[in-house]
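Structure record follows, encoded as structure tokens.
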Amino acid sequence: MTKVEKKELHSVFWRSFALQGAFNFERMQNIGYAYSMVPIIKKLYKNKEEQAQALDRHLEIFNTTPQMVPLILGISSAMEEENANNASFDEQSINAVKASLMGPLAGIGDSIFWGTLRVIAAGIGVSLAEQGSIFGPILFLIIFNVPNFLLRIFGLKMGYQVGVNSLERIQKEGLMNKIMSVATIIGLAVVGGMVATMLDITTPLEWSGSGAEIVVQDILDEIMPKMLPLIFTLILFRLIKKVSVTKLTIGIIIFGVAMHALSIL
């Protein structure tokens, strides 16, 4: 039986810092994720064809908060270990678990690191820097990066241990579908919240009639707040399946310029 050892996990940990080194708008962090998994793949699979299949498996679309990635890498490592030693293991579940975890963990990670910790660290650092203290930028880096490193270290370890200890039970009791369903619901809720709070789309349309001023945006808000961001997101989701990313990006730019021109007029 081939087992993942500390040497491989240490290599995965350091490689995870290069996660966004080859970020792309088609599959986002997939190259960095696959790069991080290379030590595990080489350890578990001796056949070049099996290594290529495993590497290709981890080149699927992936995107989440970088600080949360080692946790998922640990789980992927445990699942790859089970796949290498168990012929009946469903290898498709490896990507299914990745996909179900990246959404919820992105919501949690972004809130903690970008929305909270970075703001606190910057506030403390800037206040000291304004007083001419060299400890301003130093303290900012310490406050932000110490939790970052600790979460990466313990996340990778916990992800691997949880994966190893839970996979057999999950397979026997058929818990995988339940876990994926719960994670999907949480992920959709997080994405819905992000659309409502981060996507600001309004219409400038308004006119006067019979002595009354009609503002279209106010009417839409009364029907359903954030209706336009939701519609825009659903349209993009539909188009992604049919239109290339390049054409879609150009179309969004043209649409944005046109809307801005209309608002000026």
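Considering only heavy atoms from C-beta on, V146 comes within 4.5 Å of I142 through its side chain.
Residues S77 and Y160 approach most closely at CB-CD1, 4.2 Å, considering heavy atoms. Nearest heavy-atom pair across I31 and A22 is CG2-CB, 3.8 Å. Across all non-hydrogen atoms, the minimal contact from S88 to N86 is OG-OD1, 2.7 Å. Between N63 and M28, the shortest heavy-atom contact is CB-SD, 3.3 Å.
Between the side chain of T64 and the backbone N or O of A106 there is at least one donor-acceptor pair closer than 3.5 Å. Panel note: side chain S133, backbone L128; no donor-acceptor pair is recorded below 3.5 Å. Here the side chain of N95 pairs a donor or acceptor atom with the backbone of R57 at under 3.5 angstrom. In terms of modelled atom types and a separation under 3.5 Å, the side chain of N85 and the main chain of E81 share a donor-acceptor contact. Side-chain atoms of R27 come within 3.5 Å of backbone atoms of L59 as a donor-acceptor pair (strictly under, hydrogens ignored). S127 places a side-chain N or O within 3.5 Å of a backbone atom of I124 that can act as its donor or acceptor partner.
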F140 vs V126, side-chain contact (heavy atoms from CB on, under 4.5 Å): CA-CA, chis, key distance, verdict: CA-CA 8 Å; F140 165 77; V126 169; over 6 Å; no
K98/F62 under side-chain contact (heavy atoms from CB on, under 4.5 Å): CA gap, chis, key distance, verdict: CA-CA 8 Å; K98 281 172 56 181; F62 182 83; 3.9 Å; yes
Working for side-chain contact (heavy atoms from CB on, under 4.5 Å), residues L236 and I252: CA-CA 9 Å; L236 284 183; I252 293 172; 3.7 Å; yes
Intermediate values then yes/no, side-chain contact (heavy atoms from CB on, under 4.5 Å), K48 and Q51: CA-CA 5 Å; K48 290 293 183 180; Q51 290 180 357; 3.7 Å; yes
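For R152, the side-chain hydrogen bond (donor to acceptor under 3.5 Å, both in side chains) partners at least two apart in sequence or on another chain are S16, N148. For T65, the side-chain hydrogen bond (donor to acceptor under 3.5 Å, both in side chains) partners are D110, not counting sequence neighbours. By the side-chain hydrogen bond (donor to acceptor under 3.5 Å, both in side chains) test, S76 pairs with Y33, sequence neighbours left out. Q20 is linked by a side-chain hydrogen bond (donor to acceptor under 3.5 Å, both in side chains) to Q29, counting only residues two or more places apart in sequence or in another chain.
Cation-pi geometry between R15 and Y35 is satisfied (NZ or CZ under 6.0 Å from the ring centre, within 45° of the ring normal).
Rounded to the nearest 0.5 angstrom, M158 CE and Q161 CD are separated by 9.5 Å.
Ring geometry for F17 against F13 counts as perpendicular: the plane angle is over 60°, on a 0 to 90° scale with 30° as the lower cut.
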Under 3.5 Å, which donor-acceptor pairs do the side chains of residues 38-46 form with other protein atoms, sequence neighbours left out?
{"unit_1": "Y45", "atom_1": "OH", "unit_2": "E80", "atom_2": "O", "d": "3.3"}
{"unit_1": "Y45", "atom_1": "OH", "unit_2": "E80", "atom_2": "OE1", "d": "2.6"}
{"unit_1": "Y45", "atom_1": "OH", "unit_2": "N83", "atom_2": "ND2", "d": "2.9"}
{"unit_1": "K46", "atom_1": "NZ", "unit_2": "K43", "atom_2": "O", "d": "3.3"}

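Contacts classified as side chain to side chain donor-acceptor pair (under 3.5 Å) and involving residues 221-231 (residues at least two apart or in different chains) are given here: Q217-D221.
In the displayed structure, I223 atom CD1 is contacted under 6.0 Å by more than 12 heavy atoms of other residues, nucleotides or ligands.
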